[in-house]
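Here the structure comes first, spelled out in structure tokens, and everything after it is commentary.
As a basis for the values below, the full set of heavy atoms in this structure was taken, side chains included, without hydrogen atoms, waters or symmetry mates.
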Amino acid sequence: MIPWLEDDDPFPNVSSALTEADGAAGLLAAGANLSPERLLLAYQNGIFPWFSEGQPILWWSTDPRMVLFVDDFKISTSLKKTLKNVHRSMQSNGQWRVSFDQAFEDVMRACAAPRNGEPGTWISEDIIAGYAGLHKQGYAHSAEVWLDGKLVGGAYGVCIGEMFYGESMFTQVTDASKIALAYLVHFLKSHGVSMIDCQQQTAHLASLGAAPIARSEFISLLRQAIVAPQIKDWKPIPVFEVD
């Protein structure tokens, strides 16, 4: 049985989350709200919201935890070529452009859109409002990929100190989400971030270099990272210079 949280209740210790034997591995609590303050508290403790439309707010702390150590990020030969083309295009005011924090809510809404005929994702209007509040406070950030002036890919997440929590990505053209992620990973690495939280295990994340670690290890690394100063100047850095 998980606890029901009122708005001012603290989160329970993540060690009390349900296990696979309970049928909902990682489920920690329900209730409370999605205010920026509540979301920030959750991330500081290794907790994230995830629920479907019509459900109460559900809070999770999975074990193991899927993470991407930035040094392990895999860039294929074809993606490397694409990234060089993107950089060349940006240098000459061509058709490609990468930006940070210029269309945060648009990225969230694109991530929430139905994919391949499936229903919309868990990113509801309440979720968008909560993370938009974090964005205004300087904790939530987006990477945007533009092609001929149109937003065609992106990613967003939460950054506290030297800890980045990835939330979602989208793409409308081949490799656009990977371009956004590559620029984001490169930027974060240059600012002392060593680990990106990916929350849950998927084959796609594994193909990019992410791997599961024990929740206890994740929490230990998190506590060291979140005490660092906030990253202030969010501007894309070329992943590969043009040869």
Side-chain angles (χ1 to χ4, degrees), residues 68 70 73-118 120-125 127-159 164-191 193 196-198 202 204-205 207-210 230-243:
L68 173 62
V70 295
F73 180 54
K74 296 178 181 178
I75 297 179
S76 66
T77 300
S78 61
L79 180 58
K80 182 176 181 178
K81 181 179 179 180
T82 297
L83 289 166
K84 288 186 174 183
N85 288 336
V86 169
H87 175 61
R88 185 182 293 110
S89 179
M90 291 175 68
Q91 291 290 94
S92 61
N93 293 319
Q95 62 181 164
W96 288 99
R97 184 167 67 89
V98 178
S99 61
F100 289 165
D101 290 341
Q102 291 190 10
F104 180 83
E105 189 169 322
D106 291 337
V107 169
M108 284 201 72
R109 291 188 180 281
C111 288
R115 306 180 190 189
N116 300 321
E118 298 177 356
T121 70
W122 62 280
I123 304 172
S124 64
E125 288 297 323
I127 288 282
I128 292 172
Y131 285 85
L134 276 184
H135 176 62
K136 290 177 182 177
Q137 293 181 8
Y139 289 105
H141 301 275
S142 59
E144 303 98 15
V145 178
W146 310 82
L147 180 61
D148 294 326
K150 180 185 177 183
L151 181 65
V152 295
Y156 78 95
V158 174
C159 192
F164 191 85
Y165 309 81
E167 282 300 312
S168 189
M169 301 185 294
F170 84 97
T171 187
Q172 294 177 353
V173 299
T174 301
D175 282 347
S177 61
K178 292 181 181 179
I179 294 169
L181 181 60
Y183 268 81
L184 189 58
V185 168
H186 186 61
F187 171 84
L188 292 170
K189 183 176 180 179
S190 72
H191 284 77
V193 175
I196 296 174
D197 176 28
C198 302
T202 69
H204 176 64
L205 289 169
S207 73
L208 297 173
Q230 286 294 107
I231 301 171
K232 297 295 185 182
D233 192 17
W234 285 73
K235 292 182 179 178
I237 302 169
V239 182
F240 293 109
E241 301 289 347
V242 178
D243 293 336

What are the two closest heavy atoms between A180 and A143, and how far apart are they?
-> O-CB, 3.9 Å
Side-chain heavy atoms of H87 within contact of L83, under 4.5 Å | no
State, to 0.1 Å, how close S142 and A103 come at their nearest heavy-atom pair, and which atoms those are.
-> OG-C, 4.1 Å
Validation row: V98, W146 side chains within 4.5 angstrom (heavy atoms) = no
Is it the case that K80 places NZ or CZ above or below the six-membered ring of F240, under 6.0 angstrom from the centre and within 45 degrees of the axis?
-> yes
Would you say the side-chain atoms of S177 pair up with the backbone N or O of T171, donor to acceptor, closer than 3.5 Å?
-> no
Taken in chain and number order and not counting sequence neighbours, the residues that satisfy side chain to side chain donor-acceptor pair (under 3.5 Å) with Q172 are none
Residues in salt bridge (Lys or Arg N to Asp or Glu O under 4.0 Å) with K189, at least two apart?
-> D71
Any side-chain heavy atom of Y139 within less than 4.5 Å of one from Q230?
-> yes
What heavy-atom pair brings A155 and M169 nearest, and what distance separates the two atoms?
-> CB-CG, 3.5 Å
Looking at residues at least two apart in the chain, or sitting in another chain, which of them share a ring pair (Phe, Tyr, Trp, His ring centres under 6.0 Å) with F104?
-> H135, Y156
Looking only at heavy atoms, the pair that brings I231 and C159 closest together is CD1-SG, 4.1 Å
Quick one: do C198 and Y165 satisfy side-chain contact (heavy atoms from CB on, under 4.5 Å)? Show the steps, please.
-> CA-CA 7 Å; C198 302; Y165 309 81; over 6 Å; no
Point-to-point distance, once rounded to the nearest 0.5 Å, from NE2 of H204 to CG of L208 | 4.5 Å
Would you check if the side chain of D197 reaches a backbone N or O of G166 as a donor-acceptor pair within less than 3.5 Å?
-> no
What's the verdict on side-chain contact (heavy atoms from CB on, under 4.5 Å) for E125 and R109, showing C-alpha distance, side-chain angles and the deciding distance?
-> CA-CA 9 Å; E125 288 297 323; R109 291 188 180 281; 2.7 Å; yes
Evaluate the side-chain contact (heavy atoms from CB on, under 4.5 Å) criterion for residues Q95 and K150: first the C-alpha distance (whole Å), next the side-chain angles of each, then the deciding distance (0.1 Å), finally the verdict.
-> CA-CA 10 Å; Q95 62 181 164; K150 180 185 177 183; over 6 Å; no
Is any side-chain heavy atom of F73 less than 4.5 Å from a side-chain heavy atom of L68?
-> yes
Walk me through it: do Y183 and I237 pass the test side-chain contact (heavy atoms from CB on, under 4.5 Å)?
-> CA-CA 7 Å; Y183 268 81; I237 302 169; 6.0 Å; no
Between atom CG of N85 and atom OG1 of T82, what is the distance when rounded to the nearest 0.5 Å?
-> 6.0 Å
Distance only, no hydrogens: is a donor on one side chain within 3.5 Å (strictly under) of an acceptor on the other, for E144 and S99?
-> yes
Value rounded to 0.5 Å, distance of CD1 in I128 from CD in E105 = 6.0 Å
Would a 4.5 Å heavy-atom cut-off, applied to side chains only, mark V158 and Y131 as touching?
-> yes
How about M108 and I127: do any of their side-chain heavy atoms sit closer than 4.5 Å?
-> yes
Rounded distance (nearest 0.5 Å) linking atom NZ of K178 with atom OG of S76 = 6.0 Å
Pairwise distance CD1(I75) to CD1(I179) - rounded to 0.5 angstrom = 11.0 Å
Any side-chain heavy-atom pair from F187 and F100 closer than 4.5 angstrom?
-> yes
Applying side-chain contact (heavy atoms from CB on, under 4.5 Å) between F164 and each of V70, V185, I196, report the one that passes.
-> I196
Output for pair (L184 CG, H141 NE2), nearest 0.5 Å, gives 9.5 Å
K232 side chain near H191 side chain, heavy-atom distance below 4.5 Å = no
Matching residue for D175 among V145, L79, V152, V86 - test: side-chain contact (heavy atoms from CB on, under 4.5 Å) = L79
In terms of heavy-atom contacts, V239 and A182 come closest through CG2-O, 3.6 Å
